Amino acid sequence: MSPFLLVGMDGVDKEKVQRIVYEMSKGSKYFENEERKEAFIRQKIEHMRARCAKLSATDISHYQKVADKRVAELEARRDLSRTWLHVDMDAFYAAVETLSNPSLKGKPMAVGSMSMISTANYEARKYGVRAAMPGFIARKLCPELIFVPVDFEKYNHYSSLTRKVFQRYDPDFIAASLDEAYLDITEVCRERDLSSDEVVQLLIFFIAKVADELRRSVFEETGLTCSAGVAPNRLLAKVCSDINKPNGQFVLPNDRMAVMTFISSLPIRKVGGIGKVTEHILRDVFGISTCEEMLQKGGCLCALFSRSSADFFLSVGLGLGRTDASQVRVRKSMSNERTFSATEDEVLLYQKLGNWRLSYQNSRIIP
DNA sequence: TACATACAC
DNA sequence: TATGGTGTATGTA
Ligand SMILES: Nc1ccn([C@H]2C[C@H](O)[C@@H](COP(=O)(O)OP(=O)(O)OP(=O)(O)O)O2)c(=O)n1
Ligand SMILES: [Mg+2]
Ligand SMILES: [Mg+2]
Ligand SMILES: [Mg+2]
């Protein structure tokens, strides 16, 4: 199975991409390890299917009641009163590199090295080139691909320019990474409320204007494009910002019906926190691939998963997400790691450790 | 507490 | 020739 997300990019020859990634990977230590991990996951899936099959009729009705109760509790706490905007820069590192070297415009380009690519511009993505793909495979997919080395100082600089714009809309915005942020624009939109159909339409129009203006400001201040999603909570806003990427936006109104319709056909993988493994498990054990199906299979989920996992899945099925104000997050760790080629040479290993200590003993890293 | 896994950018 | 680095959350024992 390909480690790269192949959905979402139309016009890519997925078969060919998969074949080339496989051809280039097979036989490598990396590949063998991936296969080992996949075998574990298949085992875990088998185990869960067995547990599922062993549930008695009374078990099933019990867990269905548990699920119904939790769904009711979650539903009761639904908050449609806030408006969140998620903004995410388009092909961020690559776009910054194109600003400093405009001759790259229109050409397939990746930021990174032959070993690893941090991101690729949209021209390169047409060939199936992706973030977290080794450069030598990317070059097979797209022989004319241009490589640009990473330059974090530059990305930090442009990140802070974008944040100056975000601040004007929400001084307490949440920076999720260098290239994205969550803004509570409830107050910006406060101008009107109430909910006759006409007013709702007007409000959506007004929100779209706010998002559009924000994106124009970012472009004017930085020369970079971004995409935005607006929704009643952060989880949905993040999903929405991806819908019309790049250089686009999508507004999901603060309306329960609109949210349920939106969520019904949404593939679970689109949701933040659901990745390759969870997608695989939920599909192969429960036949779940859309958010709606999380609710339908709520009983089984409550029977087989921990409280916190089951609650998360159910809340995704309801289209719920966090709406609370940001709290100051305290750093919990600081780390520094490097991958080196496999060796059993003890002398070499101790030498590496020694160099490490010499480099970092005075850096006063306090977690 | 220590360790492994999953996830995100 | 070659498959990253940093940080968070959660489950298990
Ligand atoms: N596995 C990854 C993913 C991303 N990044 C870096 C490079 C990206 O430019 C930046 C932002 O990540 P995004 O997921 O937002 O991707 P992009 O901004 O590059 O593209 P998109 O237009 O899809 O947002 O983080 C990285 O180093 N490694
Ligand atoms: Mg981005
Ligand atoms: Mg991003
Ligand atoms: Mg996901």
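Reckoned from all heavy atoms, side chains included, excluding hydrogens, waters and symmetry mates. Since we're looking at a predicted model, the values are computed, not measured.
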OP1 or OP2 of C/dG11 under 4.0 Å from side-chain N/O of A/Ser309: yes
Side chain of A/Lys332 (C-beta onward), nearest among C/dA9, C/dG5, C/dG7: C/dA9
A/Thr339 side-chain N/O to C/dG5 phosphate OP1/OP2 under 4.0 Å: yes
Are A/Glu73 and A/Lys69 close enough for a salt bridge, meaning some N to O gap below 4.0 Å? yes
Checking contacts here: which listed nucleotide (B/dC7, C/dG4, C/dT6) is nearest the side-chain heavy atoms of A/Asn336? C/dT6
Using a heavy-atom cut-off of under 4.0 Å over every strand shown, decide if A/Arg307 touches base, sugar-phosphate, or nothing. nothing
Does A/His86 form a side-chain contact (heavy atoms from CB on, under 4.5 Å) with A/Arg234? I'd like the steps, not just the answer. CA-CA 7 Å; A/His86 179 255; A/Arg234 297 204 286 272; over 6 Å; no
Output the single nucleotide from C/dG5, C/dA2, C/dG4 whose closest atom is nearest the side chain of A/Ser118. C/dG4
From CD1 of A/Ile117 across to P of C/dA2 the rounded distance in Å is 17 Å
With a cut-off of less than 4.0 Å, is there a side-chain N or O of A/Ser113 near OP1 or OP2 of C/dA2? no
Heavy atoms only, 4.0 Å cut-off, all strands: where does A/Lys238 land among base, sugar-phosphate and nothing? sugar-phosphate
Across all strands shown, which nucleotide pairs with C/dG4 by Watson-Crick or G-U wobble geometry, both distances under 3.5 Å? none
Taking the six-membered ring of A/Tyr122 as reference, does the cationic atom of A/Arg125 (NZ for Lys, CZ for Arg) lie under 6.0 Å from its centre and within 45° of its axis? yes
Are OP1 or OP2 of B/dC9 and a side-chain N or O of A/Thr119 less than 4.0 angstrom apart? no
Rounded to whole Å, please give me the gap between CG in A/Leu282 and C1' in B/dA6. 13 Å
Assess the side chains of A/Thr162 and A/Ser159: does a donor N or O sit below 3.5 Å from an acceptor N or O? no
If I take atom NZ in residue A/Lys37 and atom C1' in nucleotide B/dA6, what distance separates them, rounded to the nearest angstrom? 10 Å
Among C/dG4, B/dC9, B/dA6, the one nearest A/Glu180 by side-chain distance: B/dC9
Assuming nearest nucleotide by heavy-atom distance, tell me which of A/Met24 and A/Glu337 is located more 5' along DNA chain C. A/Met24
How would you label the contact of A/Val150 with the nucleic acid (heavy atoms, under 4.0 Å): base, sugar-phosphate, or nothing? nothing
Euclidean distance for P, B/dA8 against C/dT3 (whole angstrom): 23 Å
If you check the A/Ser308 side chain, which of B/dA6, C/dT3, C/dG11 turns out closest? C/dG11
Is it true that A/Lys297 and A/Glu292 have a side-chain N and a carboxylate O under 4.0 angstrom from each other? no
Please state how far atom CD1 in A/Ile268 lies from atom C1' in B/dA6, giving the value in whole angstrom units. 14 Å
Under 4.0 Å between a side-chain nitrogen and a carboxylate oxygen: does that hold for A/Asp242 and A/Lys245? no
Between A/Ile281 and A/Ala132, whichever has its closest DNA chain B nucleotide further toward 5' is A/Ile281
Minimum-distance nucleotide to A/Ser333 side chain [options: C/dT3, C/dT8, B/dA6]: C/dT8
What is the distance from CG of A/Asn156 to P of C/dT6, rounded to the nearest Å? 13 Å
Would you tell me whether A/Ser227 and A/Asn244 have side-chain atoms, one donor and one acceptor, within less than 3.5 Å of each other? no
Expressed in angstrom and rounded to an integer, what is the separation of A/Glu38 atom CD from B/dA6 atom P? 11 Å
Side-chain donor or acceptor of A/Ser341 under 3.5 Å from a matching atom on the base of C/dT1? no
Nearest listed nucleotide, side chain of A/Ile137, among B/dA6, C/dG4, C/dT3: C/dT3
Side-chain N or O of A/Arg331 versus OP1/OP2 of C/dG7: is the shortest distance under 4.0 Å? yes
So what does A/Ile274 hit on the nucleic acid, given a heavy-atom distance under 4.0 Å: a base, only sugar-phosphate, or nothing? sugar-phosphate
Taken to the nearest whole Å, CZ/A/Arg329 to P/C/dA9 is 9 Å
Closest to the A/Ser335 side chain, choosing from C/dT6, C/dA2, B/dC7: C/dT6
For A/Arg139 and C/dT1, give me the distance from atom CZ to atom C1', rounded to whole Å. 10 Å
